[in-house]
Amino acid sequence: MSDTLVDASVRVRFAPSPTGFLHIGGLRTALYNYLFARRHGGRFIVRIEDTDRERYVEGAEDDILASLRWAGITYDEGPDVGGPVGPYRQSERRDLYRQYIQPLLEAGHAYYAFDTPEELDAMREEARQRGEAGKYDATTRLRMKNALTLPEAEVQRRLDAGEPYVVRLRVPAGEVISFHDHVRGTVSIDAGEVDDQVLIKSDGMPTYHFANVVDDHLMGITHVIRGEEWLPSTPKHVLLYRFLGWEVPQMAHLPLILSPTGGKLSKRKAEAAGIPVFVKDYRAQGYDPEALVNFLAFLGWNPGDERELFTLDELARVFSLDRVGNAGVQFNMDKLAWYNQQYLRQRPVEDLVEAVWPHVRAQGYEVDRDYVRAVVGLMRERVTFPQEIVTEAPYFFEDPAGYDEAGVKKRWKADSADLLAAYADRLEALETFDEATAEATLRALAEERGVGAGRLIHPVRLALSGVTYGPGLFELMHVLGRDACVRRIRRAVEVLGSAATA
RNA sequence: GCCGCGUUCGUCUAGGGGUCUAGGACGCCGGCCUUUCACGCCGGUAACACGGGUUCGAAUCCCGUACGCGGUACCA
């Protein structure tokens, strides 16, 4: 079935801006592009859009690339792996953009403009006073300082004198620009709503709008899959393709990821809602990349059946743009936690030991890998994150520092001290200490004293762990070992002996 | 303000005119299992934004309203 879908000419790209670390929403955009490429046997490209020198953040590019790799999203072409249509960093393609702006200038589809920021502000202010939009467009461009209003000689003089200028797109009036979007169907916008977008900034760098069109074309991008925030500016891109005489790639605008409180999941909102914003945060918090990817894939897409657990490869086999939803989606930490738990349980024990080990070392616990392996075996179904195997069950590594108050109240009875002291004695006298003998000894003692086994089990658990919940008592005892068990039971008898409630 | 895009349980969603007394998942609430907890299993709670059309018949098609989101930069 997938054979009919193989189209090696499919080329998609993820084009992040190095203005910050990789955002969780960016990872989803990258993921969808990746899945689409894999599904069709095409190529997935990463291109760094670093045309904004003001907002450039040192280290952001490395973080973006490292985060993608961590998530298992590999790319066929990119800044650090190269490729046939590089460079893959826009700052290194500067001359290319200048080359493609020429024909636009010559054909009158673009023009030089010399307005200062102050003049632009004044124009917008004035227009707004009159209740107009305040756009640099067909209605206002003739009132501004540009090649359309200045004498040709004057324009040339300014250019020659090295005065700062920008190049703007001359958007035609009286036209409706339509394009097909794979997620939304036909989208139409009146050209009158589109402004004369700056194509080349005064620092010589292209804007996103221009660079993105030139690069997508030069890099042979067949499908542009990006966030919905780009939908309103797509008409500008469509116009550019037309003026440049190029074919418009297929478009697909993905629904935005929303904060639980509404609105785009900005850094501020996400933090307020307890949602990590950057991919590296998920990594640091112990999320399984496969779980994150699985969760993210389902944020705006679903396979159409009721299955929810898919590995990256499985997703790549069934992903389709047709099944991408079109309404904004809220990020849900509970669901993510559930996914993480599912994946954690599926991981091989050895894998988990590896993941837990650093946390054991960080706590300074002196145990070996076999011991950690045993703990993992008992705890893996009770936690969401690997490190919780250490943090949620410290009693595997050190004697309890205290006893849960409510637990003592509920489980420590008048006869507990007596029973436990006797149990400790018998454990010490045991020839072999293991799960079976610990249990048999306890049950025999309970029977002799004419009490239910629970009368021993609960206070013993409390003595060993300090809490009232956890793995099966006898498994716990076996892992802890006889010495620790006897020591902890005696200690509890000493500390809680008289704390008994009737 | 203007333009665009959207609107099924709290959340992610199935659904593409009759099979919907609307299905699944997360969460939540019960129960079983376990003399603990978790896992697992069983059950429950809960939604087609509103108003008009079209049609024999609308969650599904059309229009309007409301609401939400996005855009409106020499940022991406």
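Please read these numbers as outputs of a predicted model, since none were measured by experiment. Below, chains carry the letters A, B, ... as their sequence lines are ordered, and counting in each starts from 1.
Ring pair A/Tyr282/A/Tyr287 is tilted by interplanar angle, where 30° to 60° counts as tilted. Taking the six-membered ring where the residue is Trp, A/Phe298 and A/Phe310 present tilted rings, their angle falling between 30° and 60°.
Checking the phosphate oxygens (OP1, OP2) of B/G70, no side-chain nitrogen or oxygen of A/Arg184 falls inside 4.0 Å. A close approach under 4.0 Å does occur between a side-chain nitrogen or oxygen of A/Lys201 and OP1 or OP2 of B/A76. Residue A/Thr51 places at least one side-chain N or O closer than 4.0 Å to OP1 or OP2 of B/A76. The side chain of A/Arg128 contributes no N or O atom lying less than 4.0 Å from OP1 or OP2 of B/U72. In terms of phosphate contacts, A/Arg323 brings a side-chain nitrogen or oxygen within less than 4.0 Å of OP1 or OP2 of B/G15. For B/C12, neither phosphate oxygen OP1 nor OP2 lies less than 4.0 angstrom from any side-chain nitrogen or oxygen of A/Asn332. Residue A/Lys264 has no polar side-chain atom (N or O) positioned under 4.0 Å from OP1 or OP2 of B/G68.
Applying the ring pair (Phe, Tyr, Trp, His ring centres under 6.0 Å) test to every pair with at least one member in residues 253-273 of chain A, sequence neighbours left out, gives no pairs at all.
Residue-to-nucleotide proximity on RNA chain B shows that, of A/Gly452 and A/Asn302, the 5′-proximal contact is made by A/Asn302. Between A/Ala15 and A/Lys335, it is A/Lys335 whose nearest contact on RNA chain B lies nearer the 5' terminus.
Across residues 466-475 of chain A, A/Thr468, A/Tyr469, A/Gly470, A/Pro471, A/Gly472 each have a non-hydrogen atom less than 4.0 Å from an atom of RNA chain B (numbered order). The stretch residues 164-180 of chain A touches RNA chain B through A/Val166, A/Arg168, each having a heavy atom within less than 4.0 Å of the strand.
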Practice prompt. Please lay out, stage by stage, how A/Thr207 and A/Lys201 fare under the test side-chain contact (heavy atoms from CB on, under 4.5 Å).
Written response: CA-CA 7 Å; A/Thr207 56; A/Lys201 300 186 267 193; 3.7 Å; yes
Discussion item. Between A/Glu61 and A/Arg89, is the side-chain contact (heavy atoms from CB on, under 4.5 Å) condition met? List the steps.
Written reply: CA-CA 10 Å; A/Glu61 181 183 319; A/Arg89 219 174 263 118; 2.8 Å; yes
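For A/Tyr208, the listed nucleotide lying nearest its side chain is B/A76; candidates were B/C39, B/G1, B/A76. Which of B/A76, B/G4, B/C74 sits closest to the side chain of A/Glu228 comes down to B/G4. When each of B/C74, B/A14, B/G24 is scored by its nearest atom to the side-chain atoms of A/Glu308, the top-ranked nucleotide is B/G24.
Taking atom CG on A/Leu231 and atom C1' on B/C69, their separation rounds to 12 Å, with Å as the unit.
Separation of the P atoms belonging to B/G30 and B/C20 is 31 Å when rounded to the nearest angstrom. Taking the C1' atoms as reference points, B/U21 lies 14 Å from B/C48, given to the whole Å. Taking atom P on both B/G23 and B/A14, the two are 15 Å apart, rounded to the nearest angstrom.
Within the shown strands, nothing qualifies as a pairing partner of B/C74 under the Watson-Crick or G-U definition with both distances less than 3.5 Å. The pairing partner recorded for B/A14 is none, the criterion being a Watson-Crick or G-U wobble arrangement whose two distances lie under 3.5 angstrom. Partner assigned to B/C33 is none, using Watson-Crick or G-U wobble distances below 3.5 angstrom.
With 3.5 Å as the limit, one finds a donor-acceptor pair spanning the side chains of A/Arg323 and A/Asn302. Defined by atom type and a distance below 3.5 Å, a donor-acceptor pair is present between the side-chain atoms of A/Gln129 and A/Glu125.
At a cut-off of 3.5 angstrom, counting only N and O atoms as typed in the model, there is a donor on one side and an acceptor on the other between the side-chain of A/Arg55 and the base of B/C75.
Relative to the six-membered ring of A/Tyr165, A/Arg158 misses at least one condition, a distance below 6.0 Å or an angle of at most 45° to the axis. Remark: A/Arg28 qualifies as a cation-pi partner of A/Tyr32 under the 6.0 Å distance and 45° angle criteria applied to the six-membered ring.
Using a distance-only test at 3.5 Å, with no hydrogens or angles considered, no donor-acceptor pair links the side chain of A/Glu439 to the main chain of A/Leu473.
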